[in-house]
A.B. asks: 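Can you read through this structure? Questions will come right after.
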Amino acid sequence: MKSSIEGSNPSDSVPPTGELGTKAPRSPFRFPTPSRPMPAVRVRFAPSPTGYLHVGGARTALFNWLYARKTGGTMVLRIEDTDQERSTEAHTQVILDGLTWLGITWDEGPYFQAEAGPKHKADAEQLLGEGKAYRCFCTKAELDAAREAAERAKSSFRYDGRCGRLSAAEVQGRLDRGEPFSVRLRMPDEEIAWEDAVHGRISFQGRDLDDFIILRSDGTPIYNLAVVSDDIAMRITHVIRGDDHVSNTPKQIALYRAFGQPTPVFAHVPMILGNDGKKLSKRHGATAVGDYQNQGILPLAMRNFLALLGWSPGGDREVLPEPEMIALFSLEGIQKKAAVFDTTKLEWMNGQYLSALPAADLLPPVTRHLAEVGVSTEGRDLAALVDAVKVRSRTLLDIAHQVAVRVDGSRVTRDAKGDALVAKLGDAFPGNLRLVLGVLEGAEWTAPALEAAVKALAEAEGKKLGDLMQPIRVALTGGTVSEPVNELLAVVGRDESLARIRRAAGL
RNA sequence: GCCGCUAUCGUCUAGAGGCCUAGGACACAGCCCUCUCAAGGCUGGAACACGGGUUCGAAUCCCGUUAGCGGUACCA
């Protein structure tokens with residue numbers, strides 16, 4: 001569970017200059033010191049606290065974390081709470097808890113973006129002073145009207161940069177009159193391209209982008225400015241984030257250029273889809289990490305499953321212990337295509353962990369789930385109970401349910417298959433149970449002895465072993481599925497087992 | 001509309017020009033094991049979106065088509 005930073009290999013790190021292919025004239029001093037030491041990797045996970053921790057966000061966090069651990073770099077956590085309307089402290093806590101649950105740790109932060117407001121504003125003013133940005137006096141209403149008109153005329157709207165051509169005197173005049181203004185970045189007419197670590201080269205043309213707003217008329221920053229300003233300040237070298245940000249990237253690169261800063265390496269990871277191929281959302285069921293925790297998924301299994309969703313270690317590996325996951329991780333191994341979230345495979349993965357983990361590791365969550373359903377295991381060997389049922393379980397909830405049935409006779413309810421067996425055996429059902437009772441009452445209550453006793457009975461009576469064992473199983477659990485019957489008897493205990501058999505036999 | 005991204009079994013993926021008669025995993029079906037189920041083992045069905053190139057040779061490279069997704073805000 002503890003992350004192993006030791007053994008990670010920093011030689012895998014990539015120099016953080018992903019930008020390339022600019023058609024604009026290049027400065028000969030662009031790469032002044034080729035021999036400069038390679039900066040240490042710094043990545044960040046930057047969620048917005050406007051809801052729970054979504055599985056997509058969790059996976060983005062996981063990839064950042066894996067990359068940091070792999071390269072010996074630093075993981076910083078930044079809460080992007082500039083949307084004061086929707087951001088809440090409770091959401092922040094849920095996100096932090098979700099990451100912690102998954103075993104995703106961070107080395108710096110959490111930083112809160114809203115606290116950097118004054119710096120964002122100062123950065124915008126710096127650009128204003130250098131003529132790389134300009135004041136725009138167009139109002140929201142005017143802009144909306146223009147956009148609507150363009151839409152009606154079936155042509156595309158792009159801000160024409162008219163305020164960028166205002167004379168100094170004109171600007172001063174409007175300022176003197178106290179007109180409100182936003183700040184826009186001058187978008188240069190040049191190619192903006194970068195070598196994306198997962199997609200390869202991606203290219204946009206500056207002329208296709210308009211002079212976008214970086215500072216609202218109330219002086220607060222727009223997302224793209226805040227992100228770039230913070231990423232520069234935090235010396236982020238690798239931006240690993242969702243695919244939905246690729247169209248923001250050229251705008252952000254324009255900002256890096258305006259600030260005269262090198263761009264980080266960008267790695268855009270694909271989306272996670274629901275089973276209908278649409279973006280994963282609430283109507284697909286559980287999308288919050290916390291939901292899976294409540295459904296009895298182990299954090300290790302969740303993390304393993306998430307890692308394999310959109311990333312492949314390259315071979316046929318499925319169950320990956322943490323050290324291997326870190327050692328094998330690479331940005332190049334990330335898939336370009338969106339992936340469908342397959343709950344069935346998640347549960348299979350969870351079953352793998354359930355089977356492999358010692359019962360002791362499962363005790364705390366199982367105890368919690370048992371408490372939720374009101375079952376006490378006071379004075380019982382819970383580890384033995386868990387061991388008895390865990391290989392047949394896919395979730396911790398399954399385990400808790402099965403343990404509950406073994407501990408508390410009042411929870412035995414006959415299921416459809418149990419009913420079918422009773423119907424099939426007819427009189428032999430109570431009859432065989434009475435026979436069994438006869439030998440069990442005098443038997444030594446250990447699994448091997450119980451097995452021997454029932455087998456001897458079957459032989460003596462000329463009955464099939466299954467016709468003796470299955471009724472016991474139904475008597476003790478209500479169903480036809482369980483661990484071997486002798487072990488079941490041992491786990492349920494002598495008095496309780498005999499009582500359940502008597503009841504089922506109608507005695 | 002415009003800009004960008006993507007395209008291998010139902011799903012997750014391997015595959016970086018010949019090793020591909022396209023491999024593995026989940027799911028599904030059958031068999032084995034067995035007191036049931038699970039696990040495990042074996043077997044089976046199941047995919048390179050389409051069309052053009054390039055090449056002695058293409059799932060792999062190029063172009064186009066189609067489809068899906070993302071963006072196109074004084075949201076993040």
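Below, read A as the first sequence line, B as the second, and so on, with proteins coming before strands; counting in each chain starts at 1. If you're wondering where the values come from, they're calculated on a predicted model, not measured in any experiment.
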A.B. asks: Step through it carefully: locate the ring centre of A:Y292, locate the ring centre of A:Y52, and say whether they are under 6.0 Å apart.
C.D. replies: no
A.B. asks: Taking the ring centre of each residue, are A:H245 and A:Y223 less than 6.0 Å apart?
C.D. replies: yes
A.B. asks: Pick the P atom in B:G41 and in B:A22, then give their distance to the nearest Å.
C.D. replies: 24 Å
A.B. asks: Determine whether the aromatic ring centres of residues A:F63 and A:W311 are separated by less than 6.0 angstrom.
C.D. replies: no
A.B. asks: Would you say A:R158 reaches B:G1's phosphate, i.e. side-chain N/O to OP1/OP2 under 4.0 Å?
C.D. replies: no
A.B. asks: Rounded to whole angstrom, note down the P distance from B:A47 over to B:U21.
C.D. replies: 16 Å
A.B. asks: What nucleotide, of B:A38, B:G70, B:U13, holds the atom closest to the side chain of A:A339?
C.D. replies: B:U13
A.B. asks: Looking at B:C37, does its base get a donor-acceptor pair with the side chain of A:R473 below 3.5 Å?
C.D. replies: no
A.B. asks: With a 3.5 Å limit on both atom pairs, tell me what B:C2 is paired to, counting Watson-Crick and G-U wobble, or say none.
C.D. replies: B:G71
A.B. asks: In terms of the angle between their ring planes, are A:F204 and A:W194 parallel, tilted or perpendicular, with boundaries placed at 30° and 60°?
C.D. replies: parallel
A.B. asks: Does OP1 or OP2 of B:C69 have a side-chain N or O of A:K278 closer than 4.0 Å?
C.D. replies: yes
A.B. asks: In whole angstrom, what separates A:M349's CE from B:U11's P?
C.D. replies: 18 Å
A.B. asks: Taking B:A39 as the reference, what is the distance to B:G57 when you measure between their P atoms (whole Å, please)?
C.D. replies: 48 Å
A.B. asks: Considering every strand shown, what is the Watson-Crick or G-U wobble mate of B:C56 when both distances are under 3.5 Å?
C.D. replies: B:G18
A.B. asks: Grab the NZ-P distance between A:K140 and B:C74 for me, whole Å please.
C.D. replies: 6 Å
A.B. asks: A:I334 has an atom CD1; how far is it from atom C1' of B:A16, in whole Å?
C.D. replies: 17 Å
A.B. asks: Check the distance between B:A76's P and A:Y52's OH and give it to me in whole angstrom.
C.D. replies: 20 Å
A.B. asks: Is there a donor and acceptor pair, one atom on the side chain of A:N248 and one on the base of B:A76, closer than 3.5 Å?
C.D. replies: yes
A.B. asks: I need the CD-P distance between A:E142 and B:A73, as an integer number of Å.
C.D. replies: 17 Å
A.B. asks: On a whole-Å scale, what distance lies between the C1' atoms belonging to B:C69 and B:C28?
C.D. replies: 29 Å
A.B. asks: Given the C1' atoms of B:A14 and B:G52, what is the spacing between them in whole Å?
C.D. replies: 28 Å
A.B. asks: I need the CG-P distance between A:L215 and B:C74, as an integer number of Å.
C.D. replies: 13 Å
A.B. asks: Indicate whether any N or O donor in one side chain lies under 3.5 Å from an N or O acceptor in the other, for A:T395 and A:N350.
C.D. replies: no
A.B. asks: Tell me the interatomic distance from A:L328, atom CG, to B:A14, atom P, rounded to whole angstroms.
C.D. replies: 13 Å
A.B. asks: Report yes or no: is there a donor-acceptor pair, N or O only, under 3.5 Å between the side chain of A:T480 and the base of B:C37?
C.D. replies: no
